[in-house]
Amino acid sequence: MNNEKTSMDRRSFLKGAFATGAVATAAVTGVGTLAGCAAQPKEGKAGASASDSKAAGGAYEFETAPDPIPEGDIKETVDADVVVIGAGFSGLCCALAAAENGANVVMLERMDHVIGRGGSIYAMNSKLTKEKGYECSVEEVAQRYKRMMGYHSYRVDGRKWMLHFNRSGEAMDWLIDRMTTASSVGGDDLTPVMEHWYEDPENINGEFPGTHEFLDGPNGKGPDDNPQQDVCANMALYCEKAGVDIRYETEAQQLAKDGDKVVGVVAKGKDGYVRFNGKNGVVIATGDFGQDKDMLEKFIPWAAHQTEFGGIWNGSGHKMAYWAGAAVDKSETPAPMIFCFQWRSITRQVRAFQGLMVNEDGRRYDNEDNVISHGGLALMHQKGNHAFAIWDDDYANEPGWQNHRYVDGPKVFDTPDDVRAYWQTVVDGPGTINMNGSGDIPVKMIKADTVEELVEKLGLPRDETLKTIEAYNGYCDAGVDEEFGKRKELLLPIKKGPFYGIECTPWFLSTTGGIRCNEDLQVMNADDEVIDGLYCLGSTVGDMYTNCYSTHFPGHNLGGTCLTFGYVTGRKLAGAE
């Protein structure tokens, strides 16, 4: 992004506080649930062109607060201890934890029901991880965190990360107790399972154990489903039983302030505007800003211009917070979630493809041994922002990648013939798949009798690609990758037909971060001063990730900023700690 596009008085914008009356924030187009919830993707590339909707002075529209909603237009006032904006996973966790500890809670949701998406929830030292033998000591956590902090260039908030470590097991046990007995509130009893993880023997790009899922509900029978929908549906029922006043089809549009303190929010329901006062606090749990091209253009243009899709929600909670004086992450670059889901169609596992990858010039471009987040980012450096996976029939015989989907669970495939049968279904398929409510993703797997035919069908340059495959097969035969040093266990040659290939593209799932806050989840301004009365959760929480969202802790966002932070914040707002 050039300087002309971003010219503005950054400090005055980030410090915000443009009004001091009882109502002093701005109207937005709507508040959704947390990132982890479904929405229809936009067509084309998110933020692919410069915005035409800038305000005077070169700023984007979202940087300028509209006029407050007139007091005379507000039809009703509702008083509560806690107001939660957004009934996604983080908002539900906060509302329930607060209500269970005696708080009077109102939760606002623009949809007519709760929506969950995904299912991987990362927690350490839960009773399930202990039962499976994966209890983690402080020293072991320190080793993990040193490695992960390094991946994030230490531009993250270590106190929030340790809050996740210290409280995520407790929060997960709380969730397990409720999900396994949800029939008591009219829901579905779910089975907690622990996902398997990718182990890197070199201890560089592997994942860590601790990812939970809840299966056996109507939407979560297995790895291709959307178990988080069942979790959120159960949580809504628990909230209702605990006395939470859930206002569906109610859009939060404007924070209310008394001086510098946030005291409530004005929302638009079916019958007009209602003001909801939160004596103990107002919590923003509204998800990502990936559907707002201006915000993508300003904060993470490198991702907005190079990936398909644009996230889930429109950043309405971020905007309300900015207009109330909030600052963005200290790095000023919220992190996107970028994966490659075509790899999922090769192995039925959420991980990078570790066979041969070539770019559109027919050349290898890096060591293919990676996690899905970092492998997806590597695609973005290639011409056309894509690359191609190539493998042969013998790849089905490799037991290392067949692995288990769940700890103590069955293998992903029982036999190599099951693998081949699965590939055939993808080859014969419609050319798209729907990944856990993330939208339709193009998946066109090619099958050919010869390598030459495969290269032609993939549209790759014949001579250069065949030269690359020949060299790669030589490395496999020798057991030494002279080009990128990939470990020999992954050097599987491409010699036995039929041969397979698939175009691989980065997929922008959502954004994480964007609102500066402390470890108590209190929103802060550019001077790191707390904005009294305002909190944030879920994918709005700043300084948790930088550069990109990493999958080394699979489900860290759902397990950290949503479950753990929601649970702890709800308890604190209710005075339980």
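Small disclaimer: the values here were computed from a predicted structure and weren't measured.
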Test side-chain contact (heavy atoms from CB on, under 4.5 Å) applied to [X] - qualifying residues, sequence neighbours left out:
X: V530; value: N518, Q522, M524
X: A576; value: N101, R571
X: P334; value: F289, F299, D329
X: E131; value: L128

Once salt bridge (charged side-chain N to carboxylate O under 4.0 Å, His left out) is applied, do any residues pair with [X], and if so which ones, sequence neighbours excluded?
X: R167; answer: E170, E577
X: R155; answer: none
X: E207; answer: none
X: D79; answer: none

Which atom pairs, donor and acceptor, lie under 3.5 Å between side-chain atoms of residues 134-141 and protein residues at least two apart or in another chain?
from : atom 1 : to   : atom 2 : distance (Å)
S137 : OG     : E140 : N      : 3.1
E140 : OE2    : R144 : NH2    : 3.4

Between [X] and [Y], does at least one N-O distance fall below 4.0 Å, as a salt bridge requires?
X: R405; Y: E195; answer: yes
X: K268; Y: E251; answer: no
X: K127; Y: D177; answer: yes
X: D157; Y: K330; answer: no
X: E529; Y: R516; answer: no

_Any pair counted as salt bridge (charged side-chain N to carboxylate O under 4.0 Å, His left out), so long as it reaches residues 555-564, sequence neighbours left out_ = none

*May I have all residue pairs that pass salt bridge (charged side-chain N to carboxylate O under 4.0 Å, His left out) and include part of residues 84-99, sequence neighbours excluded?*
none

*Do the non-hydrogen side-chain atoms of W174 and L96 ever get within less than 4.5 Å of each other?*
yes

*Can you run down the ring-ring contact (aromatic ring centres under 6.0 Å, His included) pairs that involve residues 230-280, sequence neighbours left out, and say none if there aren't any?*
none

